[in-house]
Amino acid sequence: MSTDIPPGTPDLARVKAAQTQQPVHALICSRWSPRAFSDREVTTGQLISLLEAARWAPSCYNEQPWRFIVARKSDPETHEKLLSSLVEFNRTWARHAPVLLLIIAKQTFTHNGTPNLYALHDAGMASDSLALQATALGLSTHFTGGFNRSVARTAFEIPDDYELGAVAAIGYAGDPASLPEKLREGELAPRSRRPLSEIIYAGLPLADL
Ligand SMILES: Cc1cc2nc3c(=O)[nH]c(=O)nc-3n(C[C@H](O)[C@H](O)[C@H](O)COP(=O)(O)O)c2cc1C
């Protein structure tokens, strides 16, 4: 069983669409993480829409610990600062994305100063809302953990109370042919996931899945 792919979906989007064990919303199926990005601009309005989606994520104590550092190609100095924190492998492809976004999380609760053990969890929730909103707008996101945290922390003068989450490359998916051969293969391959039976530890009727 898998979720219906709308007619008119381009070939690559078809290949990358999640082959689900159970039907889920089309938006969830169609989000995937490209490495080829086109140089087409992301507008300010689109970017704010993504951040608005992130803003409405749930969080422990409604702390909203997430903060976003936006580095657009149109602001070369800031863009270069964030780009240069990425490991070389990520830099090769992420440099083409018109927007890089550093997601950080405040590590203490504002109301009493105690440690917020959910800060990165909640920043992750906000990140997924952002990713799905991007998908809804026809944009793509690719999160990366491969970056040098101390380089980014220093470059953006991030206080100790904030943990660094990930860097997201954001833009329109580009032509896989623009990638080096090694990366092209992954770009054209279907996505995979562990089966539900491997990730659920509860008395659900998994034998039927
Ligand atoms: C926190 C995080 C860190 C990641 N780090 C990297 C990375 O450093 N480089 C990279 O190419 N992809 C990275 N990815 C992308 C994952 O490899 C990708 O999401 C996963 O293979 C599933 O593919 P999909 O997003 O297309 O479903 C990262 C994703 C997340 C959420």
Side-chain angles (χ1 to χ4, degrees), residues 1-59 64 66-74 82 86 90 93-105 120-146 165-179 183-184 186-194 196 199:
M1 184 185 294
S2 82
T3 304
D4 289 342
I5 301 171
T9 303
D11 287 349
L12 182 58
R14 266 174 200 283
V15 170
K16 302 306 287 196
Q19 297 300 310
T20 59
Q21 288 177 251
Q22 296 293 313
V24 298
H25 196 281
L27 200 53
I28 292 170
C29 287
S30 54
R31 184 215 57 80
W32 66 283
S33 307
R35 291 199 178 92
F37 281 92
S38 92
D39 53 11
R40 184 172 163 194
E41 249 318 323
V42 172
T43 67
T44 301
Q46 286 173 320
L47 201 44
I48 289 173
S49 162
L50 306 195
L51 295 165
E52 179 71 25
R55 185 164 83 101
W56 287 96
S59 63
Q64 306 155 62
W66 45 76
R67 304 288 186 272
F68 304 97
I69 295 172
V70 180
R72 304 173 77 174
K73 262 194 168 172
S74 52
L82 189 48
L86 297 185
N90 286 331
W93 57 266
R95 70 195 158 94
H96 297 291
V99 182
L100 295 175
L101 190 72
L102 174 58
I103 299 132
I104 63 175
L120 275 180
H121 173 277
D122 294 349
M125 298 202 76
S127 298
D128 195 46
S129 293
L130 181 147
L132 291 175
Q133 179 68 13
T135 307
L137 297 180
L139 291 163
S140 292
T141 52
H142 194 136
F143 293 86
T144 70
V167 174
I170 303 172
Y172 288 91
D175 184 355
S178 66
L179 290 171
L183 295 185
R184 207 178 309 148
E187 196 81 348
L188 299 172
R191 297 187 299 135
S192 67
R193 287 298 187 268
R194 298 180 197 281
L196 283 171
I199 61 168

- Stepwise, does the side-chain contact (heavy atoms from CB on, under 4.5 Å) test hold for Thr44 with Arg72? CA-CA 10 Å; Thr44 301; Arg72 304 173 77 174; 2.9 Å; yes

- Message: For Leu139 and Tyr172: C-alpha separation, side-chain torsions, deciding distance, then whether side-chain contact (heavy atoms from CB on, under 4.5 Å) applies.
- Response: CA-CA 5 Å; Leu139 291 163; Tyr172 288 91; 3.5 Å; yes

- Query: Can you tell me how far the OG1 atom of Thr20 sits from the CD1 atom of Ile28, to the nearest 0.5 Å?
  - Reply: 10.0 Å

- Note on the structure: Separation between CZ (Arg184) and CG (Asp175), nearest 0.5 Å, reads 9.0 Å

- Are any of the side-chain nitrogens in Arg55 or Glu52 under 4.0 Å away from the carboxylate oxygens of its partner? yes

- Query: Nearest 0.5 Å, what's the CG-CZ distance between Leu101 and Phe143?
  - Reply: 7.5 Å

- Message: Testing the basics here: between Phe37 and Ile170, what is the closest heavy-atom pair and its distance to 0.1 Å?
- Response: CE2-C, 3.9 Å

- Query: Got a sec, which pairs hit salt bridge (charged side-chain N to carboxylate O under 4.0 Å, His left out) with one end in residues 127-137, sequence neighbours left out?
  - Reply: none

- Test log, rule side-chain hydrogen bond (donor to acceptor under 3.5 Å, both in side chains), inputs Ser33 and Arg191: CA-CA 10 Å; Ser33 307; Arg191 297 187 299 135; over 6 Å; no

- For the student: nearest non-hydrogen atoms of Leu137 and Ser49, plus distance: CD1-OG, 3.6 Å

- Query: Of the non-hydrogen atoms in Ala57 and Ser129, which two are nearest, and what is the gap between them?
  - Reply: CB-OG, 4.1 Å

- His96: partners by ring-ring contact (aromatic ring centres under 6.0 Å, His included), with sequence neighbours left out: none

- Item | Spacing of Gln64 atom CD and Trp56 atom CH2 [to the nearest 0.5 Å] | 8.0 Å

- Interatomic spacing from CD in Gln22 to CG in Leu196 - rounded to 0.5 Å: 7.0 Å

- Query: Could you walk me through whether Ile103 and Phe68 pass the side-chain contact (heavy atoms from CB on, under 4.5 Å) check?
  - Reply: CA-CA 5 Å; Ile103 299 132; Phe68 304 97; 3.8 Å; yes

- Of all pairs that satisfy salt bridge (charged side-chain N to carboxylate O under 4.0 Å, His left out), the ones with a partner from residues 26-42, not counting sequence neighbours: none

- Message: How close do Trp93 and Leu179 get, counting heavy atoms only, and between which atoms?
- Response: CB-CD2, 4.3 Å

- Quick one: does Ser59's side chain get under 4.5 Å of Trp66's, heavy atoms only? yes

- Query: Going from CG on Leu100 to CD1 on Ile69, what distance comes out if it is rounded to the nearest 0.5 angstrom?
  - Reply: 12.0 Å

- Task: Over all heavy atoms of both residues, which pair between Leu130 and Thr141 is shortest? Give the atoms and the distance, please.
- Result: CD2-CG2, 4.1 Å

- Donor-acceptor under 3.5 Å (Lys16 side chain, Asp11 main chain): no

- Message: Quick check: closest heavy atoms across Leu51 and Val70, and the distance to 0.1 Å?
- Response: CD1-CG2, 4.2 Å

